[in-house]
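Values below: all heavy atoms of this structure, side chains included; hydrogens, waters and symmetry mates excluded.
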Amino acid sequence: MPIAVDIDVMLARRKMSVGELAERVGITPANLAVLKNGRAKAVRFTTLAALCEVLDCQPGDLLRWEAETESEAETGNSATTTDPADPVEA
């Protein structure tokens, strides 16, 4: 998927655990893991806003675009998999 999620980077910078972030944002640790590991197909703006508020960052600090490789584009496969539990909700 061409969108990379950098929640781990912000967690490390803030010295915060996944469990603490999930609790403060108001989502389950499982849904946060789906988002954090790049398996989410969508994220609600309310969830993104809550993540930014708790982590004191901008959306661009959490999400970035990466070009797909030719082989991924040709086969329709990407390095990350999708999860039927998406979208991640607040």
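In Glu20, the CD atom is crowded: over 12 heavy atoms of neighbouring residues, nucleotides or ligands sit closer than 6.0 Å.
Across Arg14 and Asp56, no two heavy atoms sit closer than the pair NH2-O, 2.8 Å. Contact between Pro59 and Cys52 at its shortest, heavy atoms only, is N-SG, 3.4 Å.
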Item to check | side chain to side chain contact (heavy atoms under 4.5 Å, CB included) evaluation trace for Leu48 with Leu63 | outcome: CA-CA 10 Å; Leu48 183 58; Leu63 304 172; 4.2 Å; yes
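Here NZ of Lys41 is found 13.0 Å from CZ of Arg39. Values are rounded to the nearest 0.5 Å. A distance of 5.5 Å separates CG of Leu32 from CD1 of Ile7, quoted to the nearest 0.5 Å.
In summary, of the residues considered (Leu35, Leu62, Val5), a side-chain contact (heavy atoms from CB on, under 4.5 Å) with Val43 occurs for Leu35 alone.
No donor-acceptor pair closer than 3.5 Å links the side chain of Arg13 to the backbone N or O of Leu55.
Hydrophobic cluster membership is shared by Val18 and Ile27, with clusters built from Ile, Leu, Val, Met, Phe, Trp and Tyr side chains linked at under 4.5 angstrom.
With contacts defined as side-chain heavy-atom distances shorter than 4.5 Å, the pair Leu21/Met10 does not qualify.
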